[in-house]
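Count residues from 1 along the sequence. Hydrogens, waters and symmetry mates are skipped; everything else that's a heavy atom, side chains included, is used.
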Amino acid sequence: MTNRVTVRVAGLQPVQMLAGLAGIAFIVFGVVGFTRTGTGDWAAQSYVLGFSVNPLHNLVMVAVGVLGLLMALGSGLSRLYGWLLFAGFAALFVWDLMITGILAQNPAEQYGNPLAVNTNDNWLHLGLAIFGLLLAVMPARRKVITEEEPVVPEPRSEAFRDEHVRDDRFRDDLRDERAEPVSPVANTEPITKEHAVVDPKTERVSKDKIKH
């Protein structure tokens, strides 16, 4: 038996928990914002913990939070959610710098300030972009699984099979020889004088076997 080692993702991942918590935080922030601005006047502006909000800003926060809860169901989806946060809030941070006048030029000046952002929002969005990047690159927690698998015998070659057959035939022939010994047959045919053999004991020649 040989052991096969595999590495698999182990259970609920930390990135999923963080994505879920971030989703809840976004929803709570958006709901609190709605309690300040209401939903009737989309031009209304208010503040939550020093951050400027309006109904559209609150709606964006709630949508981002719901997306986070849905994508927290999978480890890969949670990392994808991190990339979305990074890309979206990084772009929003640059736009915030243009809107608030930190950057000299604002190519989107004609769109005004639809999210009613202020300087505090700029740094909040930068922090959210960094948080999204951390989610995206967070490593997975894995576990090592050792499994036993049977050893598959290697197929025998043609030469090995031929040699095996020859060995079997040799053993069969040897078995037949041992089972049926061949007894020598006495030579009763008369011999001539030239072929006569002197008996070393009696120093005589068997005359009855000499052929005349």
Side-chain angles (χ1 to χ4, degrees), residues 6-145:
T6 57
V7 180
R8 298 179 181 175
V9 176
L12 185 65
Q13 297 295 307
V15 66
Q16 294 177 255
M17 299 178 62
L18 291 177
L21 292 175
I24 295 174
F26 280 120
I27 293 175
V28 171
F29 188 88
V31 171
V32 172
F34 276 122
T35 63
R36 299 293 180 87
T37 61
T39 58
D41 184 9
W42 287 86
Q45 182 178 354
S46 183
Y47 294 90
V48 177
L49 299 177
F51 301 105
S52 177
V53 294
N54 63 3
L56 181 59
H57 196 160
N58 299 332
L59 181 61
V60 171
M61 288 297 178
V62 172
V64 172
V66 173
L67 183 63
L69 290 179
L70 294 177
M71 300 188 75
L73 298 177
S75 176
L77 290 176
S78 298
R79 291 181 179 81
L80 178 59
Y81 179 65
W83 285 116
L84 294 177
L85 289 181
F86 171 70
F89 282 104
L92 187 57
F93 170 69
V94 175
W95 191 24
D96 294 342
L97 296 179
M98 298 177 183
I99 291 175
T100 56
I102 297 178
L103 294 183
Q105 296 181 353
N106 182 8
E109 184 177 0
Q110 65 272 21
Y111 299 105
N113 189 2
L115 299 179
V117 297
N118 59 6
T119 304
N120 292 338
D121 290 320
N122 294 349
W123 306 117
L124 174 63
H125 295 160
L126 175 61
L128 292 176
I130 295 174
F131 173 74
L133 181 61
L134 292 177
L135 286 182
V137 299
M138 182 174 291
R141 185 180 60 194
R142 303 177 184 275
K143 62 180 178 180
V144 179
I145 300 176

**Request:** Output yes when a side-chain donor or acceptor of Y81 lies under 3.5 Å from a complementary backbone atom of V64, and no otherwise.
**Result:** yes
**Asked** Okay, side chain of R36, backbone of V32: is any donor-acceptor separation there less than 3.5 Å?
**Response**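 It does not hold such a pair.
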[X] and [Y]: which non-hydrogen atoms are nearest, and at how many Å?
X: S52; Y: Q45; result: OG-NE2, 2.6 Å
X: F131; Y: A22; result: CE2-CB, 3.6 Å
X: L59; Y: F34; result: N-CZ, 3.7 Å
X: V62; Y: V31; result: CG2-N, 4.1 Å
X: L135; Y: G82; result: CB-CA, 3.8 Å

Any chance you could measure [X], atom [atom1], to [Y], atom [atom2], to the nearest 0.5 Å?
X: S78; Y: L73; atom1: OG; atom2: CG; value: 8.0 Å
X: L67; Y: L84; atom1: CG; atom2: CG; value: 6.5 Å
X: L124; Y: F89; atom1: CG; atom2: CZ; value: 7.5 Å

**Asked** What residues form a side chain to side chain contact (heavy atoms under 4.5 Å, CB included) with N54, not counting sequence neighbours?
**Response** L56, H57, A116
**Request:** Check step by step if side chain to side chain contact (heavy atoms under 4.5 Å, CB included) holds for L128 and L92.
**Result:** CA-CA 10 Å; L128 292 176; L92 187 57; over 6 Å; no
**Item:** Validation row: P55, T37 side chains within 4.5 angstrom (heavy atoms)
**Value:** yes
**Asked** For W123, which residues count as a ring pair (Phe, Tyr, Trp, His ring centres under 6.0 Å) partner, sequence neighbours excluded?
**Response** F93
**Request:** Using side chain to side chain contact (heavy atoms under 4.5 Å, CB included) as the criterion, point out the one residue from T119, N120, N113 that pairs with V117.
**Result:** N113
**Message:** Before you tell me yes or no, could you show the steps for V53 and F29 under side chain to side chain contact (heavy atoms under 4.5 Å, CB included), namely the whole-Å CA-CA distance, both residues' side-chain angles and the distance that decides it to 0.1 Å?
**Reply:** CA-CA 10 Å; V53 294; F29 188 88; 3.9 Å; yes
**Message:** Working note: V137 + F86, criterion side chain to side chain contact (heavy atoms under 4.5 Å, CB included); need CA distance, chi angles, decisive distance, verdict.
**Reply:** CA-CA 11 Å; V137 299; F86 171 70; over 6 Å; no
